[in-house]
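Note that the structure is predicted; figures quoted are calculated from it, not measured.
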Amino acid sequence: TLPNILITGTPGAGKSKLCEKLLERLEGDWEWQDVSKIAKENDCVTEYDEEFQCPVLDEDKLLDFMEPIMKKGGNIVEYHGCDFFPERWFQGVFVVRCNNTTLFDRLKERDYNDKKIASNVECEIFGTIYEEALESYKEDIITELKGETLKDLEEGCKKVKDFVRAWNRK
């Protein structure tokens, strides 16, 4: 079976682009699990946060929905948080990071409000998602990736492919 991979990081850091490229380049039957999309399509949202203009997850319902999917392996799971997923789900965790100027511009382009932009940029400054990953998973399965340029995207794909090759050899 294929491993399950988590691609996480601050919104706007480059997770979706990386997942897109990985689907094109990884060998085998991989599935991209966009957690935000899954939550919306399967009624795993409890409310809408007006202040940050985003849905609030029903984490238990989402995890129950995803459990049988994750058991199969071969999932590339994308989400901007990671601390609520069971550790057993992932063999590799990749945290995409981005400099603040690029991140600010990307979030502004998405029409995020000023408070949401400030919160996400602050999250990136303090390395919040990376810290969550370190607290939630074994350090030896966590890899930090840059998500600023096309070169970073290529290097990120290579690191994930190298991880999958090494995992398959075990």
Side-chain angles (χ1 to χ4, degrees), residues 1-46 54-98 106 110 120 123-124 127-170:
T1 62
L2 295 171
N4 287 319
I5 295 168
L6 175 62
I7 306 294
T8 189
T10 306
K15 299 178 303 296
S16 296
K17 291 259 189 249
L18 178 60
C19 290
E20 228 173 81
K21 288 291 180 197
L22 289 172
L23 273 185
E24 294 171 7
R25 297 180 182 182
L26 288 175
E27 294 177 17
D29 193 20
W30 291 90
E31 288 189 41
W32 178 3
Q33 306 297 339
D34 179 339
V35 173
S36 295
K37 185 177 175 186
I38 290 169
K40 287 176 193 165
E41 291 176 354
N42 295 281
D43 196 31
C44 300
V45 174
T46 59
C54 64
V56 177
L57 278 184
D58 180 336
E59 292 174 1
D60 290 335
K61 189 171 183 179
L62 176 76
L63 296 176
D64 288 345
F65 179 83
M66 290 185 68
E67 182 72 37
I69 295 167
M70 297 306 292
K71 283 182 180 176
K72 293 186 276 182
N75 293 291
I76 302 168
V77 176
E78 174 198 355
Y79 195 60
H80 59 265
C82 63
D83 59 346
F84 66 96
F85 294 117
E87 184 178 7
R88 71 180 184 282
W89 278 9
F90 302 106
Q91 291 69 51
V93 176
F94 296 86
V95 182
V96 183
R97 304 289 308 271
C98 184
R106 288 176 181 174
R110 292 181 182 186
N120 282 302
C123 180
E124 189 63 21
T128 304
I129 306 300
Y130 186 70
E131 290 298 320
E132 277 183 13
L134 289 173
E135 292 170 8
S136 303
Y137 306 97
K138 293 178 183 144
E139 192 171 351
D140 64 337
I141 71 164
I142 301 169
T143 304
E144 199 171 0
L145 305 174
K146 287 177 68 179
E148 298 163 18
T149 66
L150 288 176
K151 182 180 177 192
D152 293 339
L153 181 61
E154 293 300 323
E155 288 174 9
C157 281
K158 182 183 181 323
K159 285 183 180 180
V160 175
K161 285 177 73 173
D162 290 347
F163 161 79
V164 171
R165 272 192 224 103
W167 191 87
N168 283 333
R169 286 188 212 119
K170 288 182 181 178

Residues two or more places apart in sequence or in another chain: which of them pass side-chain hydrogen bond (donor to acceptor under 3.5 Å, both in side chains) with E59?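 So E59 forms no side-chain hydrogen bond (donor to acceptor under 3.5 Å, both in side chains) with any residue.
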Listed by chain and number, what are the side-chain hydrogen bond (donor to acceptor under 3.5 Å, both in side chains) partners of K61, not counting sequence neighbours?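 Listed in chain order: D43.
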Using the salt bridge (charged side-chain N to carboxylate O under 4.0 Å, His left out) criterion, which residues pair with [X]? Sequence neighbours excluded.
| X | answer |
| --- | --- |
| K158 | D162 |
| E31 | none |
| E67 | R88 |
| K159 | none |

Can you pull the salt bridge (charged side-chain N to carboxylate O under 4.0 Å, His left out) pairs that have at least one residue in residues 8-20, sequence neighbours excluded?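 Counting only pairs at least two positions apart or across chains, no salt bridge (charged side-chain N to carboxylate O under 4.0 Å, His left out) contact touches residues 8-20.
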Mind jotting down which residue pairs meet the side chain to side chain donor-acceptor pair (under 3.5 Å) criterion with at least one end in residues 127-140? Sequence neighbours excluded, please.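 Qualifying pairs: none.
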How would you list all residue pairs meeting side chain to side chain donor-acceptor pair (under 3.5 Å) that involve residues 78-87, not counting sequence neighbours?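 Qualifying pairs: S16-E78, W32-E78.
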Donor-acceptor contacts under 3.5 Å from residues 90-98 side chains, at least two apart:
residue, atom, partner, partner atom, Å
Q91, OE1, N4, N, 2.6
R97, NE, E124, OE2, 2.7
R97, NH1, E144, OE2, 2.8
R97, NH2, E124, O, 2.9

Considering residues at least two apart in sequence or located in another chain, which fulfil the side-chain contact (heavy atoms from CB on, under 4.5 Å) criterion with K146?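 Per chain and number, K146 pairs via side-chain contact (heavy atoms from CB on, under 4.5 Å) with E148, D152.
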I'd like to check the side-chain contact (heavy atoms from CB on, under 4.5 Å) partners of K72; sequence neighbours left out, ordered by chain and number.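 By the side-chain contact (heavy atoms from CB on, under 4.5 Å) rule, K72 matches no residue at all.
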